[in-house]
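Just so it is clear, the structure is predicted and the values come from calculations on it, not from any experiment. Residues take their numbers from the sequence shown, with the count starting at 1.
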Amino acid sequence: MDIGMDERRLWSMGYFFEQGKAWFIAFHTNDLYEWNLETGRLSWIDCFPFEESRFKSHPICVKWKNEIFAFPDMGEDVWVYHMETKEFSKISIGKRRAKRYESRSPMIQGDDIWFPVCGRFGVFEPQILHINARTHQYRWSGSIMEGGLCVETVYKDGYIYLASSQDNILYRFDTERNRCNAYCVEELNGGIETVCDVGKELWLSDHTGRIACWDTILQQTTREAILPFRVSLACRQKMNSSFLQSRCVNGRVCYIPAYANPLQIQEAVMFEAASLSIQKVPFISPKDVEGNYILVEFVTDDGKIGIWTEKSNSILLLDTKQGHIVEKRQVLSKKDSTLLWMRSHPGRSTETAEWDISSFVDIIKDRRLQFRKKEGLGDRVGTEIYRTACL
């Protein structure tokens, strides 16, 4: 069976990484996958029974003990997959007040999960959802700020730091007191694009490429740096954004280019946090700039940054110690390849496809698919195979 690249493309807003394995929910089908980074083996786990299945319904997940929490963007409510029982439950968090949540990555601290929600400008103000992972009780914070929220947020010592993408205001939300303070970062201009936890400092960058190193104890900027992206763009048009993603790993602060299409920068930039010395790491070739899209998905236990690239449908592992890139591809078994074809062609009859019959029988006997049998095997031939193999 020939499965085209577009049909195999599996990506999401962010992977949850733990002990060499990553969990994520596919944008298009809301299927939950587990990816073994060492072997490359990609395994289909289950499909979330969202009431409204749509693109980016619940594109963000975190793993707490043996439960997967799925957070909404264009969907509603928080869903939980119980790995031991293979069952789902739902946490009703109230009616969505805009077309989408504009979600940010959840942060786990003990039994607490903090989920920043940007909201839509002019519709509702950014807030933070707090869920107790053990009891599934939740509460919303009050409005944090006015205007848009930058992509990155940081949890640090009981505070959640958020920043305005409209101006140079940094917000510090006290998770114990449920209140927020605001600080003007005068060294930046026209909005903050990244927020990175660097020891006792937060590194904040704006669209001009300026970085302010903001001391969380002194609550002020103590030093500055400049992102050297203009050299890479000498022959290109002016950008609206330079870097929208940053991570501090192994004492180095790494800036990943904005996930635009086409890409405007082909290099990641790494700073030594102590000395502010710079290293540029090429990770996208010039021929892969057009028609590409990249997204930081996770940081591994040994300090590598996983970057998904649309062009090759793979993960690029940026080694922050060695300063080089290794490509990791996701490997599907025959059974899960067949399953993925079925999931990505919901309106196509199985009678029109050339099936590997052993893989197909394996699929319909799979206990993970019990609740989807009637839906997936509605055609005559598929039903007969199912009756023969399973009944």
S.K.: Measure the shortest side-chain to side-chain distance between P106 and I60 over non-hydrogen atoms and say whether it is less than 4.5 angstrom.
M.R.: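 With C-beta onward as the side chain, the pair touches.
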S.K.: Return the set of residues passing side-chain contact (heavy atoms from CB on, under 4.5 Å) with E327 (not counting sequence neighbours), or none when no residue passes.
M.R.: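 In terms of side-chain contact (heavy atoms from CB on, under 4.5 Å), with neighbours along the sequence ignored, E327 is linked to S312, S314, L316, R329.
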S.K.: For the residue pair E297 and I315, establish whether any side-chain heavy-atom pair is separated by less than 4.5 Å.
M.R.: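 Yes, side chains in contact.
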S.K.: When you compare the side chains of S141 and Q127, does any donor N or O come within less than 3.5 Å of an acceptor on the partner?
M.R.: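 Note: S141 and Q127 side chains miss the donor-acceptor criterion.
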S.K.: In terms of the angle between their ring planes, are W114 and H130 parallel, tilted or perpendicular, with boundaries placed at 30° and 60°?
M.R.: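 Judged by the thresholds at 30° and 60°, the geometry between W114 and H130 is parallel.
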S.K.: Is there a side-chain hydrogen bond (donor to acceptor under 3.5 Å, both in side chains) between T221 and E187 once you walk through the steps?
M.R.: CA-CA 8 Å; T221 300; E187 294 78 10; 3.0 Å; yes
S.K.: Is I169 linked to Y161 within one hydrophobic cluster, defined over Ile, Leu, Val, Met, Phe, Trp and Tyr using a side-chain heavy-atom separation of less than 4.5 Å?
M.R.: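 Cluster IDs for I169 and Y161 differ.
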S.K.: Side-chain heavy atoms nearer than 4.5 Å, only ILVMFWY residues, links allowed to pass through others: does that put W308 and F27 together?
M.R.: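 Yes: a chain of side-chain contacts under 4.5 Å links W308 to F27.
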S.K.: W203: which residues meet the ring pair (Phe, Tyr, Trp, His ring centres under 6.0 Å) condition with it, sequence neighbours left out?
M.R.: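 W203 satisfies ring pair (Phe, Tyr, Trp, His ring centres under 6.0 Å) with F271 only.
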S.K.: Would a distance-only check, ignoring hydrogens and angles, find a side-chain to backbone donor-acceptor pair under 3.5 Å from H324 to V281?
M.R.: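 Checked: no pair found.
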S.K.: Do you see a donor-acceptor pair shorter than 3.5 Å between the side chains of E152 and S246?
M.R.: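 Per modelled atom types, E152 and S246 side chains form a pair under 3.5 Å.
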S.K.: Which pair of heavy atoms, one from D77 and one from S92, lies closest together, and at what distance?
M.R.: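 Of all heavy-atom pairs spanning D77 and S92, the closest is OD1-CA, 3.2 Å.
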S.K.: Can you give me the closest heavy-atom contact between T194 and S205, atom names plus distance?
M.R.: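 The answer is OG1-OG, 2.6 Å.
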S.K.: Take N189 and R210 through the test side-chain contact (heavy atoms from CB on, under 4.5 Å) and record every step on the way to the result.
M.R.: CA-CA 8 Å; N189 180 41; R210 183 175 296 276; over 6 Å; no
S.K.: Strictly distance-based, threshold 3.5 Å: is any side-chain N or O of N168 a donor or acceptor partner for the main-chain N or O of V185?
M.R.: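 Here the side-chain-to-backbone pair exists.
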S.K.: Are V249 and I325 connected in the hydrophobic side-chain network, where two residues link if heavy atoms are under 4.5 Å apart?
M.R.: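 Yes, same cluster.
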S.K.: Can you list the residues that meet the side-chain hydrogen bond (donor to acceptor under 3.5 Å, both in side chains) rule with N66, with sequence neighbours excluded?
M.R.: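 For N66, the residues satisfying side-chain hydrogen bond (donor to acceptor under 3.5 Å, both in side chains) (neighbours in sequence not counted) are E84.
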S.K.: Please identify each residue that fulfils ring pair (Phe, Tyr, Trp, His ring centres under 6.0 Å) with Y15, with sequence neighbours left out.
M.R.: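 Ring pair (Phe, Tyr, Trp, His ring centres under 6.0 Å) check on Y15 returns F24, F298.
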S.K.: Between side-chain atoms of residues 177-184 and protein atoms elsewhere (two or more places apart, or another chain), which donor-acceptor pairs fall under 3.5 Å?
M.R.:
| unit_1 | atom_1 | unit_2 | atom_2 | d |
| --- | --- | --- | --- | --- |
| R177 | NH1 | D174 | OD2 | 2.9 |
| Y183 | OH | Q219 | OE1 | 3.2 |

S.K.: Could you pull out all residues at least two apart from H136 that satisfy side-chain contact (heavy atoms from CB on, under 4.5 Å)?
M.R.: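 Testing H136 for side-chain contact (heavy atoms from CB on, under 4.5 Å), a comparison that skips the adjacent residues, returns E67, F69, V80, H82, S89, I91.
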S.K.: Could you check whether any side-chain heavy atom of V296 comes within less than 4.5 Å of a side-chain heavy atom of R247, counting everything from C-beta outward?
M.R.: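 V296 reaches R247 side chain to side chain.
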S.K.: Are I211 and Y255 packed together at the side-chain level, in the sense that at least one heavy-atom pair is separated by less than 4.5 angstrom?
M.R.: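 Heavy-atom side-chain distance check passes, below 4.5 Å.
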S.K.: Would you indicate whether the side-chain heavy atoms of L204 and L170 approach each other to under 4.5 Å?
M.R.: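 Heavy-atom side-chain distance check passes, below 4.5 Å.
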S.K.: Which distance, rounded to the nearest 0.5 Å, do you find between the CG of D46 and the CD of E87?
M.R.: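 Answer rounded to 0.5 Å: 10.5 Å.
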S.K.: Charged N to carboxylate O under 4.0 angstrom, R41 versus E34?
M.R.: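 Judged by the 4.0 Å cut-off on N to carboxylate O distance, R41 and E34 do not form a salt bridge.
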S.K.: For a quick test of reading the model, state the closest non-hydrogen atom pair linking I226 to I278 and the distance between them.
M.R.: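 Of all heavy-atom pairs spanning I226 and I278, the closest is O-CD1, 4.1 Å.
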S.K.: Should I131 and Q137 be marked as a side-chain contact (heavy atoms from CB on, under 4.5 Å) after you check the CA-CA gap, both sets of side-chain angles, and the distance that decides it?
M.R.: CA-CA 6 Å; I131 290 180; Q137 297 297 307; over 6 Å; no
S.K.: With a 3.5 Å distance limit and no angle check, can you tell me whether W140 reaches the backbone of I93 through a side-chain donor-acceptor pair?
M.R.: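 Between the backbone of I93 and the side chain of W140 there is a qualifying donor-acceptor contact (under 3.5 Å).
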S.K.: Mind checking salt bridge (Lys or Arg N to Asp or Glu O under 4.0 Å) for D112 and listing every partner two or more places apart, or none if nothing turns up?
M.R.: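 Not a single residue meets the salt bridge (Lys or Arg N to Asp or Glu O under 4.0 Å) criterion with D112.
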S.K.: Apply salt bridge (Lys or Arg N to Asp or Glu O under 4.0 Å) to K21 and E38, showing your working.
M.R.: CA-CA 8 Å; K21 295 181 179 180; E38 181 178 353; over 6 Å; no
S.K.: First locate atom SG of C150, then atom CD of Q166, and finally report the distance between them rounded to the nearest 0.5 Å.
M.R.: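 Between C150 SG and Q166 CD, I get 11.0 Å after rounding to 0.5 Å.
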S.K.: Identify the residue among F115, W79, Y138 that makes a ring-ring contact (aromatic ring centres under 6.0 Å, His included) with F71.
M.R.: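 Of the listed options, the one satisfying the test is F115.
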S.K.: Does atom NZ of K156 have more than 12 heavy-atom neighbours from other groups under 6.0 Å away?
M.R.: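 Yes, the 6.0 Å shell around NZ holds more than 12 heavy atoms from other groups.
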S.K.: Where do F16 and V62 come nearest, in terms of heavy atoms and distance?
M.R.: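 Heavy-atom minimum between the residues: CD1-CA, 3.7 Å.
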S.K.: Spell out, as yes or no, whether a donor-acceptor pair under 3.5 Å connects the side chain of S12 to the backbone of I25.
M.R.: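 Pair found, side chain donor or acceptor close to backbone of I25.
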S.K.: Take F283 and T309 through the side-chain contact (heavy atoms from CB on, under 4.5 Å) test and state the conclusion after the steps.
M.R.: CA-CA 10 Å; F283 72 101; T309 170; over 6 Å; no
S.K.: S105: which residues meet the side-chain contact (heavy atoms from CB on, under 4.5 Å) condition with it, sequence neighbours left out?
M.R.: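 For S105 there are no side-chain contact (heavy atoms from CB on, under 4.5 Å) partners, ignoring immediate neighbours.
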S.K.: Salt bridge (Lys or Arg N to Asp or Glu O under 4.0 Å) with E18: which residues, sequence neighbours excluded?
M.R.: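 By the salt bridge (Lys or Arg N to Asp or Glu O under 4.0 Å) rule, E18 matches K63.
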S.K.: Just to verify, what does K200 make a salt bridge (Lys or Arg N to Asp or Glu O under 4.0 Å) with, not counting sequence neighbours?
M.R.: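 Counting only residues at least two positions away or on another chain, K200 forms a salt bridge (Lys or Arg N to Asp or Glu O under 4.0 Å) with D215.
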S.K.: Is there a side-chain contact between T320 and I305 (heavy atoms, below 4.5 Å)?
M.R.: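 Yes, close enough: below the 4.5 Å cut-off.
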S.K.: Mind checking what makes salt bridge (Lys or Arg N to Asp or Glu O under 4.0 Å) contact with R172, not counting sequence neighbours?
M.R.: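 None.
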S.K.: Please report the interatomic distance NZ(K65) to CG(D111), rounded to the nearest 0.5 Å.
M.R.: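 These two atoms lie 6.5 Å from each other.
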S.K.: Quick one: does V78's side chain get under 4.5 Å of P72's, heavy atoms only?
M.R.: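 Heavy-atom side-chain distance check passes, below 4.5 Å.
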S.K.: If I take atom CZ from residue F48 and atom CZ from residue F88, how far apart are they, to the nearest 0.5 angstrom?
M.R.: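 Result: 5.5 Å between the selected atoms.
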S.K.: Please tell me whether M270 and V299 are part of a single hydrophobic cluster in this structure, the criterion being side-chain heavy atoms less than 4.5 Å apart.
M.R.: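 Yes, because M270 and V299 connect within a single hydrophobic cluster, where side-chain heavy atoms sit under 4.5 Å apart.
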S.K.: Roughly how far apart are I45 CD1 and D31 CG, rounded to 0.5 Å?
M.R.: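 Going from CD1 on I45 over to CG on D31, the span is 10.5 Å.
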S.K.: Are the side chain of T300 and the backbone N or O of K304 linked by a donor-acceptor pair below 3.5 Å?
M.R.: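 Such a contact is found between T300 side chain and K304 backbone.
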S.K.: Hydrophobic clustering (ILVMFWY, side-chain heavy atoms < 4.5 Å, transitive) - are Y155 and L162 grouped together?
M.R.: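 Result: yes, single cluster for both.
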S.K.: Taking the side chain as every heavy atom from C-beta outward, state whether I256 and I294 have any pair of such atoms under 4.5 Å apart.
M.R.: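 Touching, per the 4.5 Å side-chain cut-off.
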S.K.: Determine, stepwise, if the pair D73 / H58 fulfils side-chain contact (heavy atoms from CB on, under 4.5 Å).
M.R.: CA-CA 6 Å; D73 187 3; H58 288 67; over 6 Å; no
S.K.: Going through the distances and angles, do R252 and E272 end up as a salt bridge (Lys or Arg N to Asp or Glu O under 4.0 Å)?
M.R.: CA-CA 5 Å; R252 292 185 168 190; E272 287 286 349; 2.9 Å; yes
S.K.: So how far is it from Y81 OH to I68 CD1, rounded to the nearest 0.5 Å?
M.R.: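 The distance works out to 9.0 Å.
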S.K.: Give me the other members of the hydrophobic cluster that V331 sits in, counting Ile, Leu, Val, Met, Phe, Trp and Tyr linked by side-chain heavy atoms under 4.5 Å, directly or via other members.
M.R.: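 Noted: V331 shares its cluster with no other residue.
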